[in-house]
Amino acid sequence: AAALSFLFLWRSARARRLSSLVVSVATAVIVTYSSGNGMVIWPVLVIVAALMRLPGRRIAAVSVAGVLSISAYFVDYRFLEQGRTALLLSHPFYAIWFTLVYLGCPVSYGNVRLGVLAGLAGLLLVAAAVTLAIRQRRTTDAAFVVTVGVCLFVAGSALMAAYGRMEPGDATVAAAHT
């Protein structure tokens with residue numbers, strides 16, 4: 001559903017049809033309620049829409065849809081503990097380490113340090129590819145839009161996992177690969 005959301009966002013930019021934007025938003029709503037990390041789709045959609053230089057009104061529409069979708073998610077939600085923002089901010093290097101181990105799965109199952117290298121290599125390759133595509137002005141290419149969107153969604157999901165699962169006292173970073 002995430003890939004479809006990016007594809008229809010691209011179609012919305014290409015054909016300038018409102019129906020494609022509606023389908024993009026609808027599939028993003030499905031993503032929001034289908035997965036624990038689904039809310040990450042909204043900021044990524046806004047970033048991708050800006051990269052494609054969609055008109056401001058369309059970017060605003062995606063932003064408003066995201067705020068409404070996420071807000072509806074938390075209606076009657078009961079938080080079991082206090083937020084973990086202070087933990088994340090007080091241990092930024094552990095959060096980065098956790099994220100890289102998470103992204104480096106399944107390599108990190110065998111060796112955490114190799115998993116970190118795999119996660120870092122993946123992030124650097126994606127960053128290089130995105131930078132190259134932007135410099136070559138390929139932001140209107142469907143493959144670029146969908147791939148960048150999905151890669152940013154995965155990276156955002158890894159950060160969300162770090163926020164929810166990291167335990168700085170665990171040197172093995174077990175929560176990243178369980």
Side-chain angles (χ1 to χ4, degrees), residues 1-10 24 27-48 50-51 66 69-70 73-74 77-136 138-139 141-178:
L4 282 175
S5 186
F6 297 118
L7 179 62
F8 278 95
L9 184 68
W10 170 81
S24 175
T27 54
V29 170
I30 291 169
V31 172
T32 302
Y33 295 97
S34 298
S35 166
N37 60 341
M39 288 180 259
V40 172
I41 191 81
W42 295 104
V44 174
L45 272 176
V46 171
I47 290 167
V48 172
L51 281 174
S69 182
I70 292 170
Y73 184 91
F74 286 107
Y77 188 86
R78 305 230 190 305
F79 292 93
L80 300 176
E81 61 183 53
Q82 292 181 345
R84 297 173 54 92
T85 305
L87 180 67
L88 186 73
L89 294 175
S90 64
H91 298 282
F93 295 112
Y94 186 87
I96 293 166
W97 184 262
F98 184 101
T99 302
L100 293 174
V101 170
Y102 184 89
L103 290 172
C105 284
V107 175
S108 58
Y109 294 144
N111 184 303
V112 171
R113 287 194 171 127
L114 286 177
V116 167
L117 290 175
L120 180 61
L123 275 179
L124 292 174
L125 286 171
V126 168
V130 169
T131 302
L132 184 63
I134 290 172
R135 284 188 177 172
Q136 293 178 351
R138 296 195 52 201
T139 56
D141 181 7
F144 168 82
V145 171
V146 173
T147 303
V148 166
V150 170
C151 287
L152 290 174
F153 180 71
V154 168
S157 297
L159 289 172
M160 189 176 241
Y163 177 82
R165 292 195 227 163
M166 70 179 236
E167 294 298 333
D170 178 15
T172 65
V173 198
H177 46 79
T178 57

Give the table of side-chain donor-acceptor pairs shorter than 3.5 Å for residues 146-154, with sequence neighbours excluded, one pair per line with atom names and distance.
from, atom 1, to, atom 2, distance (Å)
Thr147, OG1, Ala143, O, 2.7

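Pairing each heavy atom of Leu7 with each of Ala142, the nearest pair is CD1-CB, 4.5 Å. Looking at every heavy atom in both residues, Thr32 comes nearest to Met39 through CG2-CG, 4.0 Å. Listed here is the closest heavy atom pair of Pro43 and Val40: CD-O, 3.2 Å.
At least one side-chain heavy atom of Phe74 sits under 4.5 Å from a side-chain heavy atom of Ile70. Side-chain contact between Leu114 and Leu117 is present, with heavy atoms from C-beta onward closer than 4.5 Å.
Interatomic distance, CG of Leu132 versus CZ of Phe144, reported as 10.0 Å (0.5 Å rounding). Between Phe6 atom CZ and Leu4 atom CG the span is 11.0 Å, to the nearest 0.5 Å. Between atom OH of residue Tyr163 and atom CG of residue Leu89 there is a gap of 9.0 Å, rounded to the nearest 0.5 Å. Of the inter-residue distances, the one linking Leu120 atom CG with Leu100 atom CG reads 5.5 Å to the nearest 0.5 angstrom. For the atom pair Leu159 CG and Asn37 CG, the distance stands at 11.5 Å (nearest 0.5 Å).
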**Study point:** Arg165 and Tyr102: CA distance, side-chain angles, deciding distance, side-chain contact (heavy atoms from CB on, under 4.5 Å) verdict
**Key:** CA-CA 11 Å; Arg165 292 195 227 163; Tyr102 184 89; 3.8 Å; yes

Practice item. Please lay out, stage by stage, how Asp170 and Tyr94 fare under the test side-chain contact (heavy atoms from CB on, under 4.5 Å). Key: CA-CA 10 Å; Asp170 178 15; Tyr94 186 87; 3.9 Å; yes

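Of the possible polar contacts, none joining the Ser35 side chain to the Val31 backbone as a donor-acceptor pair under 3.5 Å is found. Looking only at distances, a side-chain donor or acceptor of Tyr33 sits under 3.5 Å from a matching main-chain atom of Ser69. For the pair Ser5 (side chain) and Ser24 (backbone), a donor-acceptor distance under 3.5 Å is present.
Taking the side chain to side chain contact (heavy atoms under 4.5 Å, CB included) definition, one finds that Ala118 meets it with Val107, sequence neighbours left out. Residues passing the side chain to side chain contact (heavy atoms under 4.5 Å, CB included) test with Ala50 are Ile59, sequence neighbours excluded.
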